[in-house]
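Take a look at the structure below.
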Amino acid sequence: MDLALAPETLARWQFGITTVYHFLFVPLTISLAALTAGLETAWVRTQKDKYLRATKFWGKLFLINIAMGVVTGIVQEFQFGMNWSDYSRFVGDVFGAPLAFEALIAFFFESTFIGLWIFGWDKLPKKLHAACMWMVSIGTLLSAYFILAANSWMQHPVGYRFNEERGRAELTDFWLVLTQNTTLNQVFHSFSAAFLTGGAFMVGIAAFHLMRKKHVPVMRTSLRLGLVTLTVGGLLTAVSGDTLGKVMYEQQPMKMAAAEALWDGESPAPFSVFAYGDVDKGHNEVALEIPGLLSFLAHSDFESYVPGINDTNEALQEKFGPGDYKPIVPVAYWGFRWMIGFGMASFSLGLLGLWLTRKKFLLPAALRTGEDEVPHLVLLRKPLGARLTRLYWLLALWTMAFPLIANSWGWIFTEMGRQPWVVYGVMQTRDAVSPGVSQAEIITSMAAFTLLYAVLAVIEVKLLVTYVKAGPPELSTADLNPPAKIGGDVRDADKPMAFSY
Amino acid sequence: MELHDVWFVLIAVLWIGYFFLEGFDFGIGVLTKLLARDRPEKRVLINTIGPVWDGNEVWLLSAGGATFAAFPEWYATLFSGFYLPLLLILLCLIVRGVAFEYRVKRSEERWQTNWEHAIFWTSLLPAFLWGVAFGNIVHGVKIDAEMEYVGSLGDLLNPYALLGGLVTLSLFTFHGAVFAGLKTLGDIRERARKLALGLGAVTGVLALAFLGWTQADHGDAASAPRWPWRCWPWSRRSGSRRRDAKAGRSGCRG
């Protein structure tokens, strides 16, 4: 069969499309839940209206996002069985466990408390109401943890034994699956990237309003919160990316060699800035490199040996028998670069923004602004000119998209860099597809999901834009007088519901 | 009881929980055209399940995840074998979830009525298709030695499974009507109660037909209807159990 339309290729495309799409919403959901909870807590503690308005505004955007995250997540669980039935048979005992825990613990947590939060504005005392959002936040983090543990097992299988009689992997140590260093590093990296994403989202939308001098008090606070989240998240993403990279050099040298298009092992090994090569011949034609840096990234010293793609391929052939164990090198190489490039561009803009909008530190007293004023962008001692100011706000607006691109490429890199394995060193992807599912069926489902997802993307983006443009809502008297006890006051039984579908 | 028995019970509980809870959600969705006379009534109906539908749907993810973990072969054969019906269910669940969350997020009437149509169809189809799927599981499907489904889509749409689909559809709608009778006030509540009586009768007839068919096709003496007190352990003499075993029957415990 034509390779481009082989069920394996189609199933992989479908997995890629549905997963990248799903993961556009996941990091936003994780970070916005925590940020909304933080804003609501600030309101409970300070009673300032701006925090309540910010909570309602970001909470609404969070809800629009999580709806998409939830519904696209169902597909994720089902398509293992639909398109990858041989994979499911082989790994179900190991891989299914964290998946089941994710649903049993985290999703119930999330969905219950989100229901309480949406419908509890006029029924719950404000402290309890804020606590509900924290619970949602914990739920999102837990669910991400479990699924990342499952993915880490595919990257670096541990805590299992191979049952020859039944021809499948069986779980022996669940705790090890949850706590192995691949899991911990992937969790650290994904969580920090999630907050980078949410921070950038907040910064972008706040910049949009501040550029127009609208909703200033709420957006000023949001900008600050977003910038801090973006910068701290970005820094932690870089740190965790470095440690995860070192783990990967030990566990999957091929992935990292492909990420650098390092064809032959070198010591010291250079970091590649730009490369263009011939994949079939196995060398680069053009390469711009920083000497020694790759050795440092892999092993923390500038001299050590880093194996290349060709060496690693030979080593793997010796271990697993004849075959080609190379991933698609250009995808790994450029995926790695887009991930780092877009992530760090966003981080830099955040760091710059944090400095430009500083409140007092090294800022001339005359340039300090009040709570209802748009902050001046001050580079040294004088504010930026009108054009530069506008340019920064525009860049800040565009930075919203950067982490989304970085996240997507990060996953494409880590999953495609593992190829040809679906479970590294244990099972190859070509052995994982459903043998009984026809080409026509996969094409049907891929077309249906792609089409539906595209339509929903248009609807979701339009909806987000509408709510973003509308800005934070005005507060009603009901908002300002939350109930003092659970269920609200009986006297107020006739007052209209604060929220309904 | 062995470990896999425990898992089987757990999975049974999760699927029952899912059908019990999402069942009336689907029913409410169907009733938006069957019971509601105008848009405010539709809104009343949708509001009754607003806070709970998401939590109810999580039971599906738990049931699916637990099936995956405990019985990978079952999960793999079921999901790859029932490919297109499951695809349709998934598409419905996606649209349905988004419909609930997005319907009131704009005030234009066309926007809202479109989502209301979506809620009806995406509740009706899964309510029917889940019954078809589970009808097929009870009925048995063609699988080969590798446990791959080898039947066609047409095989899944056999009369027995289609009757199963009608049973779940009517049962869920009946449950939805009862739920609406509990959760609403005024005129719509009275109509919901009346409708529930009719739907209950229809469901009863369909379910009896389905159970009768199941008994005729797959049942044995142990699963045949009988007076309940004959099944209680204290009413059995010690000799009869051995006799049952000899005759290849498992008695009331089957």
Side-chain angles (χ1 to χ4, degrees), chain A residues 60 63-64 66-68 70-75 77-93 95-97 99-104 107-108 110-112 114-116 118-119 168 434-438 441 444-445 448-449 452 456 459-460 463 466-467 497 499-501, chain B residues 14 43-44 46-84 86-91 93-98 100-106 111 143-144 146-150 153:
Chain A
K60 187 78 91 182
L63 290 177
I64 292 173
I66 197 175
M68 293 288 285
V70 168
V71 296
T72 55
I74 309 174
V75 178
E77 188 188 279
F78 278 39
Q79 73 175 327
F80 290 115
M82 292 170 80
N83 283 347
W84 304 96
S85 68
D86 273 358
Y87 169 79
S88 307
R89 288 176 209 282
F90 185 76
V91 306
D93 195 64
F95 187 84
L99 216 67
F101 270 88
E102 182 187 20
L104 280 171
F107 290 158
F108 276 116
E110 219 172 83
S111 60
T112 306
I114 226 169
L116 285 169
I118 298 175
F119 289 86
R168 64 174 200 157
S434 301
V437 173
S438 70
E441 283 175 318
T444 310
S445 77
F449 282 127
L452 178 63
L456 289 180
I459 293 173
E460 131 114 18
L463 206 54
T466 312
Y467 276 89
M497 278 167 80
F499 184 93
S500 67
Y501 278 100
Chain B
L14 287 169
R43 186 165 162 238
V44 165
I46 294 170
N47 273 332
T48 61
I49 55 167
V52 295
W53 75 266
D54 187 10
N56 294 346
E57 201 161 284
V58 171
W59 284 76
L60 173 64
L61 290 165
S62 299
T67 314
F68 191 176
F71 300 102
E73 302 278 4
W74 182 15
Y75 168 82
T77 307
L78 174 67
F79 282 53
S80 63
F82 295 4
Y83 197 88
L84 291 175
L86 271 173
L87 173 67
L88 200 52
I89 289 176
L90 279 179
L91 295 173
L93 293 182
I94 293 172
V95 174
R96 188 167 170 272
V98 174
F100 284 132
E101 295 297 331
Y102 286 4
R103 196 184 71 92
V104 286
K105 297 252 173 352
R106 288 174 98 107
W111 168 272
I143 55 176
D144 62 13
E146 305 279 291
M147 297 201 226
E148 291 299 332
Y149 177 70
V150 289
L153 180 61

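Letters A, B, ... mirror the listed sequences (proteins, then strands); counts begin at 1. The figures here come from the full heavy-atom set of this structure, side chains too, leaving out hydrogens, waters and symmetry mates. All values derive from a computational prediction rather than experimental measurement.
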For a 4.5 angstrom cut-off between non-hydrogen side-chain atoms, does A/M68 reach B/V98? yes
Any side-chain heavy atom of A/L456 within less than 4.5 Å of one from B/Y102? no
Kindly give the heavy-atom pair with the smallest separation between A/S111 and B/G55, and that separation in Å. OG-CA, 3.4 Å
Side chain, backbone, both or neither: which part of A/F95 has a heavy atom under 4.5 Å from chain B? side chain
Contact leader toward chain A among B/Y149, B/F82, B/W74, B/W59, where contacts are heavy-atom pairs under 4.5 Å: B/W59
Quick one, A/F78 and B/L87 - any side-chain contact, counting heavy atoms below 4.5 Å? no
Can you say whether B/L78 sits under 4.5 Å from chain A via the side chain, the backbone, both, or neither, judging by heavy atoms? neither
Are any of the side-chain nitrogens in A/R89 or B/E146 under 4.0 Å away from the carboxylate oxygens of its partner? no
Part of B/L90 lying under 4.5 Å from any heavy atom of chain A: side chain
Taking side chain as everything from C-beta outward and backbone as N, CA, C, O, which of these in A/L452 sits under 4.5 Å from a heavy atom of chain B? Side chain, backbone, both or neither. side chain
Is any side-chain heavy atom of B/W111 closer than 4.5 Å to one of A/I459? yes
Does the A/E77 side chain pair with the main chain of B/G65, one donor and one acceptor, at a distance under 3.5 Å? yes
Short side-chain to backbone donor-acceptor contact, B/Y83 and A/M82, under 3.5 Å: no
Give a yes or no on whether A/F80 atom CZ has more than 12 heavy-atom contacts from other residues, nucleotides or ligands under 6.0 Å away. yes
Qualifying residues under ring-ring contact (aromatic ring centres under 6.0 Å, His included), relative to B/Y75, sequence neighbours excluded: B/F68, B/F79
A/S445 versus chain B, the contacting section by heavy-atom distance below 4.5 Å: both
Of all pairs that satisfy salt bridge (Lys or Arg N to Asp or Glu O under 4.0 Å), the ones with a partner from residues 52-63 of chain B, not counting sequence neighbours: B/E57-B/R96
With the side chain counted from C-beta on, respond yes when B/L93 and A/V71 share a heavy-atom pair under 4.5 Å apart, and no when they do not. no
Side chain to side chain, B/L86 and A/Q79, heavy atoms closer than 4.5 Å: no
Do you know the tightest heavy-atom contact between B/S62 and A/F108? OG-CE1, 3.2 Å
